[in-house]
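Whatever order the structure lists ligands and atoms in, that order sets their numbers, starting from 1.
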Amino acid sequence: MSAKVVVSKRRNVNRQAIFLITLWPFPEDFFLSDPELKSKVPLEYLSHKEKYEEAVRKACLLFRKVIQLQNEGKGGMDNFREVLGGQLGSAILPDGNPITLHYVMFIPTLMGQGTIEQQAEWIQKAWNCDIIGTYAQTELGHGTFIRGLETVAKYDPKTEEFVLHSPTLTAYKWWPGGLGHSANYAVVVAQLYTQGKCHGIHPFVVQLRDEETHEPLPGIKIGEIGCKLGMNSTNNGYLGFDNVRIPRNYMLMKNSQVLPDGTYVKSPSSKLTYGTMIFVRVVLVQDAATYLKKASIIATRYSAIRHQSQIKPDQPEPQILDYVTQQYKLFPNIASCFAFQYAATWLWDTYNNITEELETGQLDNLPELHATACVLKAVSTADAAQGVEMLRLACGGHGYMTASNLPSTYGLVTAMCTYEGENTVLLLQTARFLVKMWQNKTNVYKLPTMKYLATALNRATPFEKSVEWVIAALQKTAAGKIDLANRHLNERVAKGQSYEDAWNNTSIELVSAAEVHGRTIIVEQFYNTVQGYKSRVSKELGTVLEQLLQLYAVNAALRCTGDFLRFTEVLGKDITVLQTWLEELLSQIRPNAVGLVDSFDMRDEILSSALGCYDGNVYERLFNEAQKSPLNAEPVNKSYNLYLKPFIKAQL
Ligand SMILES: CCCCCCCCC/C=C/C(=O)SCCNC(=O)CCNC(=O)[C@H](O)C(C)(C)COP(=O)(O)OP(=O)(O)OC[C@H]1O[C@@H](n2cnc3c(N)ncnc32)[C@H](O)[C@@H]1OP(=O)(O)O
Ligand SMILES: Cc1cc2nc3c(=O)[nH]c(=O)nc-3n(C[C@H](O)[C@H](O)[C@H](O)COP(=O)(O)OP(=O)(O)OC[C@H]3O[C@@H](n4cnc5c(N)ncnc54)[C@H](O)[C@@H]3O)c2cc1C
């Protein structure tokens, strides 16, 4: 079976978008009812090697089923999004999918960086899974600073080939998913040398393994990097080159080219090479929402089941959902699920519009897209990771059980804070653009996400108990922080520091300013979405959405209390009003809490959690899961006679 993909001869429409938009309801049952997609033994009781082998088995079946759907006309490339994302994908492969990178980065890079001819050559093979690829950019010595990558690709005009080489151990590619034992091709990001000159990093398609035997090809040193905090079946690998030759046309040449004689043709922008990273950052905002939804469902349902302690001495033990501190752990995270979902949808649309522009050579909006993708990826993944950990803690000891699926969910979501751009580094990228716009405000009104910078600093924002005030206060605070950071930059330069040193010495403030800017965007998008829905949904639903919006906004405001006091007219007494407002909202949301998480519509098989099941039979499920431990297969383990008994006897 092969998936038919027509490579558009017209404009290179943004097929990455088609690849990931959902056109019709996804047939979850087709996957979840397949017994072959269930593990016979809980993964936690398999060895590292067995986990990987089981993951490859399931991943191949998963994608075979997606291609079957596609060939039956029941969904296009959008189905891949469903099986790759944090919902179904992480339910079937909770420890990571060794083939994810083939679909999430290898194919999108071929689409985004390859010429039409190269796409015609490679994309069909990739969609047919005749080849399995990954995206090999990060090295042992460099992940963030990609201009410092050490892998070299030297052009040899005599043979019209590139020679790939890893000059040092730190040049070894390190981390790419599926690289260890799964992929047989990779997009390799390497420093391009031709005619004795280095032209910076460029993407190259490299065959790693024989397509029949899967043996590593000559000059290829390859393997797996070992155990990690989570995602232990993702098969993250290492890759070293010892003068490996590839044909000239294996360099992806949509943006820049090397001619047969070695002449280098520059790209319209060196940053177009970075396009795949923007694409994945945009997609990750949705995944942050998905993982946070999963943990919110589990913890909220468990909090409705769990009875503990007493609020009044003569009363039975209440649901822990009735403790206000518990509500404070749960409900802001539920509100964040909606906030990140709406921000993800808006960012996805923005990404598609701007990527269309890029196809016509219009690069004007790329910097703002880069800055926005960076800050929304950083804020959403950091908040989602913090939220999942808070929700795990909200479940007490049972939240620490693997059977709760909260530890595994944490392992998946916290990785997002690092991959696809470490969050601090991305916030600094956003800060770089904010300061640039601050220093030259003439065009800032053209930037949808930053036009507030033109007026916010000098606009009066007298306190009022409204979301509109919170947005205005966040904007004023962001503007104030950027203005202050910029002044400190200038003061440092005036004292004789280089701009780079001044930047580094001001970077704590810059990161903080970018973060507030990101939160401003998220609250604004939540507000705009709810305003748009209100006229189209029932009064009751509109009320609940408004409560969630207010809760997200007031919680964002309370996280910024110190800065609000520095940069807005707010007073201490107003902060007390915000606190009371938050507590009122927790009480208003309490009756709908379980209904709200049910609305995320994740089946038990997706949640994979003894604590989060729809029927609430938590204790029976925990106990049944415990029976699956191999240790419970026999009443006395052999270690008693081997070690314990002699030890005890020796002490007598
Ligand atoms: C389905 C779900 C499953 C989801 C499943 C997902 C699985 C994913 C698995 C993980 C995969 C990976 O991690 S893949 C590897 C990911 N690695 C990364 O993300 C590396 C992060 N580092 C970087 O991106 C770069 O090094 C960065 C930090 C931006 C610095 O780059 P440079 O040094 O080249 O740039 P700077 O000198 O800082 O800035 C120069 C200019 O370039 C601009 N610029 C920088 N990056 C840009 C970009 N991407 N696009 C446009 N413009 C950019 C800046 O704004 C500056 O503009 P001016 O101000 O105008 O000059
Ligand atoms: C689960 C997982 C999967 C991954 N999959 C892939 C993959 O498929 N393909 C791939 O190519 N890569 C992959 N990566 C690698 C990932 O992209 C890098 O880990 C990430 O880019 C961070 O780079 P680093 O690890 O070198 O950290 P570093 O950049 O060394 O960061 C370490 C610390 O230094 C700080 N720092 C670095 N630069 C700066 C700066 N300029 N200013 C201030 N602070 C700075 C960071 O903030 C951080 O605190 C994966 C990583 C993980 C965890």
Side-chain angles (χ1 to χ4, degrees), residues 19-20 80-90 96-98 100-106 108-109 133-149 170 173-179 183 186-189 200-201 225 228-232 234-237 239 269-288 290-291 354 358 363 365-374 377-378 381 411-437 500 503-504 507-508 510-511:
F19 168 68
L20 287 172
F80 284 95
R81 168 83 186 88
E82 293 293 336
V83 301
L84 288 163
Q87 191 152 323
L88 185 86
S90 62
N97 182 332
T100 291
L101 265 292
H102 177 67
Y103 292 103
V104 175
M105 295 195 82
F106 182 69
T109 305
T134 183
Y135 182 84
Q137 173 175 292
T138 302
E139 295 172 352
L140 199 53
H142 287 93
T144 287
F145 187 54
I146 51 183
R147 282 187 291 131
L149 292 174
T170 50
K173 294 302 177 185
W174 187 275
W175 273 114
L179 179 62
V187 165
V188 174
V189 179
I201 56 171
I225 64 173
K228 307 173 290 279
L229 180 153
M231 301 179 75
N232 279 299
T234 314
N235 197 227
N236 300 94
L239 165 65
S269 157
S270 63
K271 298 312 169 192
L272 290 172
T273 309
Y274 295 10
T276 305
M277 291 183 279
I278 293 192
F279 165 66
V280 180
R281 288 165 192 158
V282 167
V283 167
L284 290 180
V285 180
Q286 171 62 59
D287 255 24
T290 301
Y291 286 122
I354 294 173
L358 295 179
L363 303 180
N365 293 316
L366 179 59
E368 185 186 18
L369 173 65
H370 166 56
T372 308
C374 284
K377 182 269 185 187
T381 56
L412 291 165
V413 72
T414 194
M416 297 166 77
C417 297
T418 304
Y419 65 57
E420 218 52 66
E422 196 279 328
N423 281 354
T424 304
V425 167
L426 297 187
L427 288 169
L428 286 167
Q429 282 292 304
T430 303
R432 176 177 172 133
F433 190 61
L434 284 167
V435 166
K436 222 172 147 178
M437 289 305 106
E500 291 75 14
W503 178 269
N504 188 26
S507 53
I508 294 171
L510 290 162
V511 164

* Asked: With atoms numbered from 1 as shown, which atoms in ligand 2 lie under 4.0 angstrom from a non-hydrogen atom of Met231?
  -> 1 (C)
* To do: Could you tell me the separation between the NE2 atom of His370 and the CE atom of Met277, rounded to the nearest 0.5 Å?
  => 8.5 Å
* Check each of Gly96, Gly143, Ser90, Cys374 against atom 20 (C) of ligand 1 and report the one with the nearest heavy atom. => Gly143
* Asked: So, the side chain of Lys173 versus the backbone of Leu179: is there a donor-acceptor pair under 3.5 Å, distance only?
  -> no
* **Beyond-backbone contact of Phe106 with Leu101, side-chain heavy atoms, under 4.5 angstrom** => no
* When you measure from the side chain of Glu422 to the backbone N and O of Thr424, does any donor-acceptor pair fall under 3.5 Å? -> yes
* Please could you name the atoms of ligand 1 that Gln137 approaches to less than 4.0 Å, counting only its heavy atoms? => 15 (C), 16 (C), 17 (N), 18 (C), 20 (C)
* Structure fact -> Ranked by distance from atom 7 (C) of ligand 2, the top protein heavy atom is Pro176 CA, 3.4 Å
* To do: Using protein heavy atoms only, decide if any is under 4.0 Å from atom 35 (C) of ligand 2.
  => no
* What's the spacing between Ile278 CD1 and Glu420 CD if we round to 0.5 Å? -> 10.5 Å
* **Backbone of Gly200 reached by a side-chain donor or acceptor of Arg147 within 3.5 Å** => no
* Side chain, backbone, both or neither: which part of Leu426 comes within less than 4.0 Å of ligand 1 when only heavy atoms are counted? -> neither
* Asked: Taking C-beta and beyond as the side chain, do Tyr291 and Ser90 meet within less than 4.5 Å on heavy atoms?
  -> yes
* Atom indices of ligand 1, in the order listed, that fall short of 4.0 Å to a heavy atom of Val425 -> 28 (C)
* **Close-contact set for ligand 1 against Met105 heavy atoms, below 4.0 Å** => 11 (C), 14 (S)
* **ligand 2 N/O within reach of Tyr419 N/O, cut-off under 3.5 Å** => no
* Before giving the answer on side-chain contact (heavy atoms from CB on, under 4.5 Å), spell out for Val283 and Val104 the whole-Å C-alpha distance, their side-chain angles and the decisive distance to 0.1 Å. => CA-CA 9 Å; Val283 167; Val104 175; 5.7 Å; no
* Can you find a protein heavy atom closer to atom 19 (O) of ligand 2 than 4.0 Å? -> yes
* Less than 3.5 Å between some nitrogen or oxygen of Gln429 and one of ligand 1, yes or no? -> yes
* To do: For atom 22 (C) of ligand 2, state which one of Leu510, Ile146, Thr418 supplies the nearest heavy atom.
  => Thr418
* Asked: How about atom 30 (O) of ligand 2: does it have a protein heavy atom within less than 4.0 Å?
  -> no
* Asked: Hey, are the side chains of Val280 and Tyr419 touching, using non-hydrogen atoms and a 4.5 Å cut-off?
  -> no
* Give the single entry among Glu82, Glu420, Glu368 that approaches atom 11 (C) of ligand 1 most closely by any heavy atom. => Glu420
* Near Val283, which atoms of ligand 1 are under 4.0 Å from a heavy atom of that residue? -> 1 (C), 2 (C)
* Structure fact -> Closest to atom 24 (O) of ligand 1 (heavy atoms only, candidates Arg147, Arg81, Arg281, Gln87) is Arg281
* Proximity of Val189 to ligand 2 by residue part, where a heavy atom lies under 4.0 Å -> neither
* Side chains of Asn423 and Thr381 in contact at under 4.5 Å (non-hydrogen atoms) -> yes
* Asked: Between Ile146 and Leu149, does a side-chain contact (heavy atoms from CB on, under 4.5 Å) hold up when you go through it step by step?
  -> CA-CA 5 Å; Ile146 51 183; Leu149 292 174; 4.0 Å; yes
* Asked: Got the closest protein heavy atom to atom 9 (N) of ligand 2, with its distance?
  -> Tyr135 O, 3.0 Å
* Asked: Can you find an N or O of Lys436 that's nearer than 3.5 Å to an N or O of ligand 1?
  -> yes
* Structure fact -> Gly177 heavy atoms within 4.0 Å reach ligand 2 at atoms 7 (C), 8 (O)
* Whether Lys377 side chain and Met416 backbone form a donor-acceptor pair below 3.5 Å -> yes
* Structure fact -> Of Phe433, Tyr135, Tyr419, Phe145, the residue with the heavy atom nearest atom 7 (C) of ligand 1 is Tyr419
* Protein contact to atom 27 (O) of ligand 2 [nearest heavy atom, distance to 0.1 Å] -> Thr144 OG1, 4.3 Å
* Taking atom 26 (O) of ligand 1 as the point of reference, which of Leu366, Thr134, Leu84, Thr144 owns the nearest heavy atom? -> Thr144
* Can you sort out which atoms of ligand 1 are near Asp287, meaning under 4.0 Å from one of its heavy atoms? => 2 (C), 3 (C)
* For atom 26 (O) of ligand 2, what's the nearest protein heavy atom and its distance? -> Gly143 N, 3.0 Å
* Asked: Any N or O on Thr134 sitting closer than 3.5 Å to an N or O of ligand 2?
  -> no
* Asked: Taking side chain as C-beta onward, heavy atoms only, is Leu428 less than 4.5 Å from Ser507?
  -> yes
* At what distance, to the nearest 0.5 angstrom, does CD of Gln137 lie from CH2 of Trp175? -> 14.5 Å
* Region of Thr424 engaging ligand 2 - heavy atom pairs below 4.0 Å -> side chain
* atom 46 (C) of ligand 2: the protein heavy-atom neighbour that sits closest, reported with distance to 0.1 Å -> Glu422 OE1, 3.3 Å
* Asked: Can any side-chain N or O of Thr414 pair as donor or acceptor with the backbone N or O of Gly411 at less than 3.5 Å?
  -> no
* Nearest protein heavy-atom contact for atom 40 (C) of ligand 2: which residue, which atom, what distance? -> Val425 CG2, 4.1 Å
* Looking only at protein heavy atoms, identify the closest one to atom 13 (C) of ligand 2 and say how far it is in Å. => Trp175 CB, 3.6 Å
* Under 4.0 Å from a heavy atom of Leu428: give me the atoms of ligand 2 that qualify, with their elements. => 42 (N), 43 (C)
* Judged by atom type as modelled, is there a donor-acceptor pair below 3.5 Å linking the side chain of Thr134 to the main-chain atoms of Gly177? -> yes
* Relative to each other, are the rings of His142 and Phe145 parallel, tilted or perpendicular (30° and 60° limits)? -> tilted
* Proximal ligand 2 atoms for Leu101, defined as those under 4.0 Å from one of its heavy atoms -> 8 (O)
* Asked: Which atoms of ligand 2 sit under 4.0 Å from any heavy atom of Gln137?
  -> 11 (O)
* To do: For atom 10 (C) of ligand 2, find the nearest protein heavy atom and state the residue, atom name and distance (0.1 Å precision).
  => Thr138 OG1, 3.4 Å
* If you measure from the Lys or Arg side-chain nitrogens to the Asp or Glu carboxylate oxygens, is any gap between Arg81 and Asp287 under 4.0 Å? -> yes
* Asked: Under a 4.0 Å heavy-atom limit, does Ile146 contact ligand 1 with its side chain, its backbone, both, or neither?
  -> both
